[in-house]
Structures are given as structure tokens and as C-alpha cells.
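Both counts, for ligands and for their atoms, begin at 1 and track the order of listing. The figures here come from the full heavy-atom set of this structure, side chains too, leaving out hydrogens, waters and symmetry mates.
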Amino acid sequence: MARKVILTGAGISAESGLPTFRDPKGLWARFDPMDLATPEAFARDPAKVQAFYNDRRAAARAAQPNPAHLALAQLQRARPDEVLLVTQNVDDLHERAGSTDALHVHGRLDEARCDSCAHRWPAPARMAAGDRCPACASGLARPAVVWFGEVPEHLDKVAEACSRCDLFVVIGSSGTVWPVAGLVDIAARAGAQTVEINLDPSVRAGAFDRVLAGPASVRVPEWVAQVLAGRFKL
Ligand code: APR
Ligand code: ZN
């Protein structure tokens, strides 16, 4: 049973060149999420939504894992049953760094799914409006990404793990999107030690026992080295 739950957000992939959402040059500073990341937007203009995710899929494929992703994969290898990795990110940089079984609560760019049956399949590089589900043929193919107004995936399993962990770490998240932003409260109520690793303290920094400020590519390898040497103290 995982004693450590690690939750990552867009900030862990920032130094791999993938934009975050709410930083000054973030995606939602340049695009309107209500136009691109809701079921209504997909129904209204599927070509526009597919094009947005095609571009993000291509950017994710061109990006490389950075030292933060690699350090978390090293921690998982060193402590295989102790760590549950949860990510809000839809890129596959954790997997390409060597992490296993990451739970993508907001879905994944490299998967497609049907909007009427439960079928999922590896996403092609580019998806187009009108693409159909290969299983039921009637449903429309959409990115397997969780949109605003939809329920995050794996939430029960993640909340259960947070209620039993002894260490909860959030890396590179603004803590502004619920219910994921409330996981720290579940962990704290369970008596876990809680740590935030972020370039700048997030709006939820006050909910954490410790904030390690700095770029993920520096702070995460440092933290993992301390944990592996048994030297990490709050
Ligand atoms: N190192 C560490 N943290 C960083 C770095 C970095 N190099 N660069 C940015 N950050 C931090 C920012 O300070 C910010 O707190 O990463 C966080 C990014 O916040 P958001 O852009 O809001 O991303 P995230 O928290 O993952 O968003 C959650 O919102 O739109 C939805 O589905 C989307 O999964 C996403 C969710
Ligand atoms: Zn289908």
C-alpha cells in the first residue's frame, strides 16, 4: 500500500518546454478553456477542439522528460510499493522517464476515447472532426482528456490512498482546480506530512507542512536524494 502519494501538475513539465495553464504565458492566458476544453465546445466545434489537442499532442511527443520526471521514476524504482504517482498532466513524460502506473486524473493526450461507448485506444498523431469510434462505429472519437465539467478519473482510488498515506507531495500545481486541489486536506486529516514543491507558493501553500520553492528540475531531484538517503525531515 502506497505510503507516499505524489501529485504532479503542469509545473513539472514546464522545463520540458510544455506550457502550464495559469502562468502569464500559460495556455489559458492564450486560449479560452470554455472554447476548447468542455464537452459543449467539442459539440459546437469539434474541428477546433481536435486541432487544439493535435497541437498539444505533437508538443508533448516532441518534449523530453526533465530531471524532475527522472527523479520520480528513480524513487519509484527504489521504493516500488511505497509510491503512488498521480498526475493532472495529460502528457506522457512520466512514462517516458520510466515511471509506471501513473494515474492520470485528467486523462491523457496519447489516448482517444469514444463519446458514446467505453472504448479507448491509442490516439493517432492527429484526430479530426467526424472521426468515429473503431469499436461501436456510431460514437465520435475524442481526446481521452477530462474537460471542465467532467469528473476526474481514478478519484476514488486516489482519495483512498491520500486517506492512508504518511507523506503527500504536490509538485508544480497551482492548487486551483477542484476536487484535486482538496487532496492535501484529505492527507492532512489522515495525519500525513504534506509538502508542496513549486516555483512559487501556490494558493494552497498554507495547507502544507512544508513548501520547497524552486524549479522542479532542481528541487525534485534534491528531495528524492534526501528521501533515498533517509535524510528528508519536514
Ligand atoms: N517548477 C516548479 N513549478 C513550476 C514551474 C517549474 N519550473 N513552472 C511553473 N510552476 C508552477 C506554477 O507556479 C504553478 O503553481 O506550476 C503551477 C502550474 O499551475 P497551472 O498552470 O494551474 O497547472 P495545474 O495546477 O497543473 O492545472 C491543473 O487545470 O486546466 C486544468 O486540466 C488542467 O490539469 C490542469 C489543471
Ligand atoms: Zn464507441
Contact residues of ligand 1 with a heavy-atom cut-off of under 4.0 Å?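 Correct list: Gly9, Ala10, Gly11, Ala14, Glu15, Thr20, Phe21, Arg22, Asp23, Trp28, Gln88, His106, Phe148, Gly172, Ser173, Ser174, Val177, Asn198, Leu199, Gly214, Pro215, Ala216.
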
Once you round to the nearest 0.5 Å, how far does CG of Leu36 lie from CD of Gln50?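 Between atom CG of Leu36 and atom CD of Gln50 there are 11.5 Å.
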
How many angstroms lie between atom CG of Asp81 and atom CZ of Arg3, to the nearest 0.5 angstrom?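 If I round to the nearest 0.5 Å, the distance is 12.5 Å.
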
Any side-chain heavy atom of Gln64 within less than 4.5 Å of one from Asn66?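 Side chain of Gln64 against side chain of Asn66, heavy atoms only: no contact under 4.5 Å found.
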
Mind checking whether Ile186 and Val184 have side chains closer than 4.5 Å, heavy atoms only?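 No, their side chains stay 4.5 Å or more apart.
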
Check the orientation of Tyr53 and Trp147. Use parallel for under 30°, tilted for 30 to 60°, and perpendicular for over 60°.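 Correct class here is tilted.
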
Residues Glu153 and Arg108 bridged, charged N to O under 4.0 Å: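 Arg108 and Glu153: not salt-bridged.
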
Listed once per pair and sorted, the ring pair (Phe, Tyr, Trp, His ring centres under 6.0 Å) pairs that draw on residues 64-105, sequence neighbours left out: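 Qualifying pairs, neighbours excluded: His69-His94.
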
Cys136 atom SG and Cys133 atom SG as seen from the Zn ion (ligand 2), angle to 10 degrees: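 My answer is 110°, to the nearest 10°.
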
How wide is the angle at the Zn ion (ligand 2) between SG in Cys117 and SG in Cys114, to the nearest 10°?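 The angle at the Zn ion (ligand 2) comes to 110°, rounded to the nearest 10°.
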
Has His119 got an N, O or S atom lying less than 2.8 Å from the Zn ion (ligand 2)?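 For His119, the answer is no, given that no N, O or S atom comes within less than 2.8 Å of the Zn ion (ligand 2).
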
